[in-house]
Q: 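Quick one: structure below, then a few questions.
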Number of protein chains: 2
Amino acid sequence: MIRNVRTYNHFCAVARTLELVGDRWSLLVIRDLLTGPKRFTDLMERLAGITPKTLTQRLRELTDIGLVTADRAPGRREVQYRLTDAGQELGPVVDALNWWGLQHAWRWPQPGEPLHVEHLLGAVIQAINHTTGDHQPARWHLRFPDDDYLVESDGHRWSLAATDPQVRADVTVTATVEAFTQYLFAPAATPEPDIDIVGNTKAVQRFKRLIRAIADVVGTP
Amino acid sequence: MIRNVRTYNHFCAVARTLELVGDRWSLLVIRDLLTGPKRFTDLMERLAGITPKTLTQRLRELTDIGLVTADRAPGRREVQYRLTDAGQELGPVVDALNWWGLQHAWRWPQPGEPLHVEHLLGAVIQAINHTTGDHQPARWHLRFPDDDYLVESDGHRWSLAATDPQVRADVTVTATVEAFTQYLFAPAATPEPDIDIVGNTKAVQRFKRLIRAIADVVGTP
DNA sequence: CTGGATCCATGATGATACTG
DNA sequence: CAGTATCATCATGGATCCAG
């Protein structure tokens, strides 16, 4: 396959980077792989609106330039797409875009706008990292009907990863996506039956405090 | 004018940001405005390869969404394009792209590849910020035949700005673009007549030390 | 079912030339 | 200096189809 060589030919590292990941959808593919390996269909789901043709093309390009690898389990039809180390190191780029958008381009979901909880959690992480001074270690397990996520702080910064249902954490939250979304925007108004928060008392209090602390960032229209 | 509404419609701050600045050339226009206001022709020069049509379109879009303002001096035909505060705050995004590119996509200039010293200095700044631990305040005045730049550290991070010839600094460097480029890649091999470095002795030594310290980052093929 | 491929439409970008 | 105008091309989207 002939790679589309849409270059800038500037002697500039910004331009060089954008030659590799500046195409439409590329950085969104990377955004979704930053939380862990995913299959073609998982990506199609999160990248609402992309056509399979474009997703195929982007994955090929990212593979060709060494940012993604395609793992095919022998005998299985499934393909797991995974970031290489160089791909993972685009995390700061995606974080910077995320934080700027949260401050300057955030609004409530439009009617019919697809909402994936993984992206909402990405916003939560950025808001905690930038607006609260609290970076003490923590492990929060968030359980949704279709996915499990681990939100954790290593003592310096918070991060998000897809995880398995067996994880041990100091706070475990079980909710539907809708209930969790409403909880983020209006913590006090969400009835208890819709969202279940368990764990060590202090850890739960800290969780609730941090969510309240970012409400005016994440909840602004 | 009908704005190009190429949206993703994801409930995601990364996607929102890319809807605004993810088009081809947009972030490069912002890169060049981050060092100070520029005229249409100044931008054409730095954005080698862009067509005037596309530059006009990008400037209109960025103006419409509030990231750029066009200042027209009354009676004069000149237009100064300038970033708004929201536009300036894209600095961290451009920095992240710059640093990633420096680590993963850097190579010597291709034959015939346009080289603008402003972009080279952008790489220098990133390298100093990330690889040396030295963030003590400093002011370096770099004088080239056509442009003057100020490289300075405020005690926390280094930054680059276009400036005027009258600036007072602790180090003043006068050189052609070619000599300065060669000096960056091979400091010891550049003959003195081609590059003039003056100022306080300690400051000059520090300048030379920092340039040598980043040679293996900026000078890697 | 997953993981694509194919065909066609259209809109964004590029090349070149020209202008108030 | 700061753009327009015109035409060509290429990337992306939409819809549909296909193989393991």
Side-chain angles (χ1 to χ4, degrees), chain A residues 1-10 15 18-29 32-33 37-64 68-82 114 146, chain B residues 1-10 15 18-29 32-33 37-64 68-82 114 146:
Chain A
M1 178 180 136
I2 307 294
R3 256 219 70 213
N4 168 25
V5 199
R6 208 34 181 274
T7 63
Y8 293 108
N9 290 317
H10 292 184
L18 290 173
E19 286 174 354
L20 299 179
V21 299
D23 284 337
R24 189 163 160 79
W25 295 106
S26 288
L27 278 167
L28 297 185
V29 172
D32 287 341
L33 291 178
K38 304 218 164 32
R39 297 177 309 165
F40 191 89
T41 321
D42 297 329
L43 292 170
M44 283 295 292
E45 198 177 292
R46 286 165 175 79
L47 297 163
I50 198 173
T51 64
K53 173 180 175 174
T54 302
L55 180 55
T56 299
Q57 192 178 331
R58 289 294 171 271
L59 288 169
R60 296 272 154 84
E61 291 166 358
L62 293 172
T63 302
D64 287 350
V68 164
T69 56
D71 303 349
R72 293 157 206 274
R76 304 229 34 169
R77 310 194 43 259
E78 293 186 4
V79 184
Q80 288 268 77
Y81 292 97
R82 178 190 311 271
D146 295 328
Chain B
M1 178 181 137
I2 306 293
R3 256 220 69 213
N4 166 24
V5 200
R6 203 46 176 274
T7 63
Y8 293 109
N9 291 316
H10 291 183
L18 289 174
E19 286 174 354
L20 299 179
V21 299
D23 283 336
R24 187 162 161 78
W25 297 105
S26 289
L27 279 168
L28 297 185
V29 172
D32 287 340
L33 291 178
K38 302 220 165 30
R39 295 175 308 167
F40 192 88
T41 321
D42 297 329
L43 292 170
M44 283 296 290
E45 198 177 293
R46 286 165 176 77
L47 296 163
I50 198 173
T51 64
K53 173 181 173 175
T54 302
L55 179 55
T56 299
Q57 192 178 331
R58 288 295 171 272
L59 288 169
R60 296 272 154 84
E61 292 166 359
L62 292 172
T63 302
D64 287 351
V68 165
T69 56
D71 303 348
R72 291 157 208 274
R76 305 228 34 170
R77 308 196 47 254
E78 293 184 5
V79 184
Q80 288 269 78
Y81 292 97
R82 177 191 309 274
D146 295 329

Q: Atom CG of B:L28 and atom CG of B:L33: how far apart are they, to the nearest 0.5 Å?
A: 11.0 Å
Q: Take atom OH of B:Y81 and atom C1' of D:dA2, then tell me their distance rounded to the nearest Å.
A: 7 Å
Q: Are the side chains of B:V21 and B:V29 in touch, meaning some heavy atoms are under 4.5 Å apart?
A: no
Q: Nearest nucleotide by nearest heavy atom, which residue falls closer to the 5' end of DNA chain C, A:Y8 or A:V79?
A: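 With A:V79 and A:Y8 compared, the 5'-side residue is A:V79.
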Q: Examine distances only and state if a side-chain atom of A:T63 and a backbone atom of A:L59 form a donor-acceptor pair shorter than 3.5 Å.
A: yes
Q: State whether the side chain of A:R58 and the backbone N or O of A:L27 hold a donor-acceptor pair below 3.5 Å, judged by distance alone.
A: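 Checked: no pair found.
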Q: Could you tell me whether the phosphate oxygens of D:dT4, OP1 or OP2, come under 4.0 Å of any side-chain nitrogen or oxygen in B:R60?
A: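 B:R60 to D:dT4 OP1/OP2: side-chain N or O found under 4.0 Å.
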Q: Let me know the distance between CG of B:D42 and P of D:dC1, rounded to the nearest Å.
A: 9 Å
Q: Kindly list each side-chain donor-acceptor pair under 3.5 angstrom involving residues 47-55 of chain B, sequence neighbours excluded, with atom names and distances?
A:
| unit_1 | atom_1 | unit_2 | atom_2 | d |
| --- | --- | --- | --- | --- |
| B:T51 | OG1 | B:T54 | N | 3.2 |
| B:T51 | OG1 | B:T54 | OG1 | 3.0 |

Q: May I ask you to say whether A:D71 pairs ionically with A:R82, meaning some side-chain N is under 4.0 Å from a carboxylate O?
A: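 Salt bridge flag = yes for A:R82 with A:D71.
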Q: Give a yes/no answer on whether the side chain of B:T41 brings an N or O atom under 4.0 Å of OP1 or OP2 in D:dA2.
A: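 Affirmative; the distance criterion is met.
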Q: Atom CG of A:L55 and atom P of C:dA5: how far apart are they, to the nearest Å?
A: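 These atoms are roughly 11 Å apart.
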Q: Rounded to whole angstrom units, what separation is found between the CG atom of A:N9 and the P atom of C:dT13?
A: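 One finds 18 Å between P of C:dT13 and CG of A:N9, rounded.
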Q: Under 3.5 Å, which protein N or O atoms sit close to an N or O of nucleotides 17-20 of chain D? Give each pair with its distance.
A:
| unit_1 | atom_1 | unit_2 | atom_2 | d |
| --- | --- | --- | --- | --- |
| D:dG20 | N2 | A:R77 | NH1 | 3.0 |
| D:dG20 | N2 | A:R77 | NH2 | 3.4 |

Q: Tell me whether the OP1 or OP2 atom of C:dG3 has a side-chain N or O from A:T56 closer than 4.0 Å.
A: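 No, A:T56 has no side-chain N/O under 4.0 Å of OP1/OP2 on C:dG3.
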Q: Can you say whether the rings of B:Y81 and B:F40 are parallel (under 30°), tilted (30 to 60°) or perpendicular (over 60°)?
A: tilted
Q: What nucleotide among C:dG3, C:dT13, D:dG3 has an atom nearest to a side-chain atom of B:R24?
A: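 Of the candidates, C:dT13 comes closest.
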Q: B:W25 side chain N/O closer than 4.0 Å to the phosphate oxygens (OP1, OP2) of C:dA12?
A: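 Checking B:W25 against C:dA12: no side-chain N or O falls below 4.0 Å of OP1 or OP2.
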Q: Please answer whether the main-chain N or O of B:E61 pairs with a side-chain N or O of B:D64 as donor and acceptor at a distance below 3.5 Å.
A: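 Such a contact is absent between B:D64 side chain and B:E61 backbone.
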Q: In whole angstrom, what separates A:Q57's CD from C:dA5's C1'?
A: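 These atoms are roughly 13 Å apart.
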Q: Below 4.5 Å, heavy atoms only, C-beta onward: do B:K38 and B:R46 meet side chain to side chain?
A: yes
Q: Within this structure, what is the CG-to-P distance between B:D71 and D:dC1, rounded to whole angstrom?
A: 18 Å
Q: For DNA chain D, determine which residues of residues 46-53 of chain A have any heavy atom closer than 4.0 angstrom to one of its atoms, and list them numerically.
A: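 Within residues 46-53 of chain A, the residues near DNA chain D are A:T51, A:K53.
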Q: Are B:E19 and B:R6 close enough that some pair of their side-chain heavy atoms sits under 4.5 Å apart?
A: no
Q: Could you check how far CG of B:L59 sits from P of D:dA2, rounded to whole Å?
A: 11 Å
Q: Take atom CG of A:D23 and atom P of D:dC10, then tell me their distance rounded to the nearest Å.
A: 15 Å
Q: What is the nucleic acid contact for A:R58, judged by heavy atoms within less than 4.0 Å: base, sugar-phosphate only, or nothing?
A: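 Answer is sugar-phosphate: A:R58 comes under 4.0 Å of backbone atoms only.
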Q: Quick one: on DNA chain C, does A:F40 or B:T54 contact a more 5' nucleotide (nearest heavy atom)?
A: A:F40
